[in-house]
Amino acid sequence: MNSTESDVCQVTCVHAERINEVRRDMAAEADLQALSELFKVLGDMTRVRILEALSLAELCVCDLAEILALSQSAVSHQLRLLRAAKLVKYRREGKNAYYSLDDEHVAHLFAEALDHIKEDR
């Protein structure tokens, strides 16, 4: 048996009860579409680096630009995408905009994903 044969069913056997249970419990299509869009946003190294930095501290755009060795304009563009995805939020203090992760869900999502990557398999 070659490797392509070992990772698929060798006979067709549909488990109707299990299928119905899974279909019933699956999230709504709109929710899954939103999740897919979230993962697309997370699929960019610069945005992931921004999220990592913000998981460590609230930072202004100037600080993020310095940390990432990017222009403020480039960082602002990425922050707009992260804000639209509800991953980060900002507050103004004088003429500066300070960014942080939107909420604890984002912090947990980032931490869990990073733990998964670092996991010894």
Side-chain angles (χ1 to χ4, degrees):
M1 187 180 305
N2 65 38
S3 65
T4 58
E5 292 175 351
S6 65
D7 60 356
V8 296
C9 295
Q10 298 300 305
V11 295
T12 300
C13 178
V14 177
H15 303 90
E17 188 174 316
R18 187 173 300 155
I19 290 168
N20 290 333
E21 182 179 307
V22 169
R23 281 183 177 155
R24 182 188 70 239
D25 293 342
M26 286 182 71
E29 286 291 319
D31 292 339
L32 292 175
Q33 181 62 40
L35 183 60
S36 174
E37 295 300 320
L38 174 68
F39 282 121
K40 285 179 190 176
V41 170
L42 294 173
D44 178 88
M45 180 65 162
T46 300
R47 291 190 288 268
V48 169
R49 290 175 66 211
I50 290 170
L51 290 174
E52 180 184 27
L54 294 177
S55 75
L56 301 170
E58 177 186 59
L59 298 163
C60 75
V61 177
C62 305
D63 293 338
L64 281 166
E66 186 67 27
I67 290 166
L68 301 173
L70 295 171
S71 70
Q72 286 187 40
S73 176
V75 170
S76 291
H77 172 73
Q78 299 302 329
L79 287 166
R80 277 192 293 280
L81 296 172
L82 291 168
R83 259 191 11 244
K86 299 178 183 165
L87 294 171
V88 300
K89 62 184 176 186
Y90 77 100
R91 66 178 180 83
R92 292 206 65 66
E93 188 174 297
K95 294 185 179 187
N96 291 332
Y98 288 89
Y99 281 81
S100 60
L101 297 181
D102 189 69
D103 61 25
E104 285 302 310
H105 294 108
V106 178
H108 292 303
L109 175 67
F110 188 82
E112 288 294 320
L114 196 55
D115 285 347
H116 178 70
I117 296 302
K118 291 178 175 181
E119 207 172 69
D120 217 352
R121 294 184 182 229

Which atom of Ala107 lies closest to which atom of Leu101, heavy atoms considered: CA-CD1, 3.8 Å

Starting at CG of Asp103, measure out to NE2 of His108 and round the result to the nearest 0.5 Å. 9.0 Å

Is a side-chain N or O of Arg92 found less than 3.5 angstrom from the main chain of Tyr98, in a donor-acceptor match? no

Return the CG to CD distance between Leu51 and Gln78, rounded to the nearest 0.5 Å. 10.5 Å

Test applied, side-chain contact (heavy atoms from CB on, under 4.5 Å); reference residue, Val88; option that passes from Leu81, Asp102, Leu82: Leu82

When rounded to the nearest 0.5 Å, the distance separating CG of Asn20 from CZ of Arg23 is 6.5 Å

When you check the gap from the basic side-chain N to the acidic O, do Lys40 and Glu37 get nearer than 4.0 Å? yes

Sequence neighbours excluded, which residues qualify as salt bridge (charged side-chain N to carboxylate O under 4.0 Å, His left out) partners of Glu93? Arg91

Residue pair Gln33, Glu29: steps toward the side-chain hydrogen bond (donor to acceptor under 3.5 Å, both in side chains) verdict: CA-CA 6 Å; Gln33 181 62 40; Glu29 286 291 319; over 6 Å; no

Output the distance between atom CG (Leu59) and atom CG (Leu54), rounded to the nearest 0.5 Å. 5.5 Å

Rounded to the nearest 0.5 Å, the OH atom of Tyr90 sits from the CZ atom of Arg83 at a distance of 5.0 Å

Any side-chain to backbone donor/acceptor pair from Asp31 onto Ala27? Under 3.5 Å, distance only. no

Nearest-0.5 Å distance, SG of residue Cys60 to NZ of residue Lys95: 14.5 Å

Could you tell me if the side chain of Leu42 sits less than 4.5 Å from the side chain of Phe110, heavy atoms only? no

Just by distance, do the side chain of Ser55 and the backbone of Glu52 share a donor-acceptor pair under 3.5 Å? yes

Show your working on side-chain contact (heavy atoms from CB on, under 4.5 Å) between Gln10 and Val8 and close with a plain yes or no. CA-CA 6 Å; Gln10 298 300 305; Val8 296; 4.0 Å; yes

Within-4.5 Å side-chain heavy-atom neighbours: Leu87 and Val41: yes

Okay, side chain of Ser36, backbone of Leu32: is any donor-acceptor separation there less than 3.5 Å? no

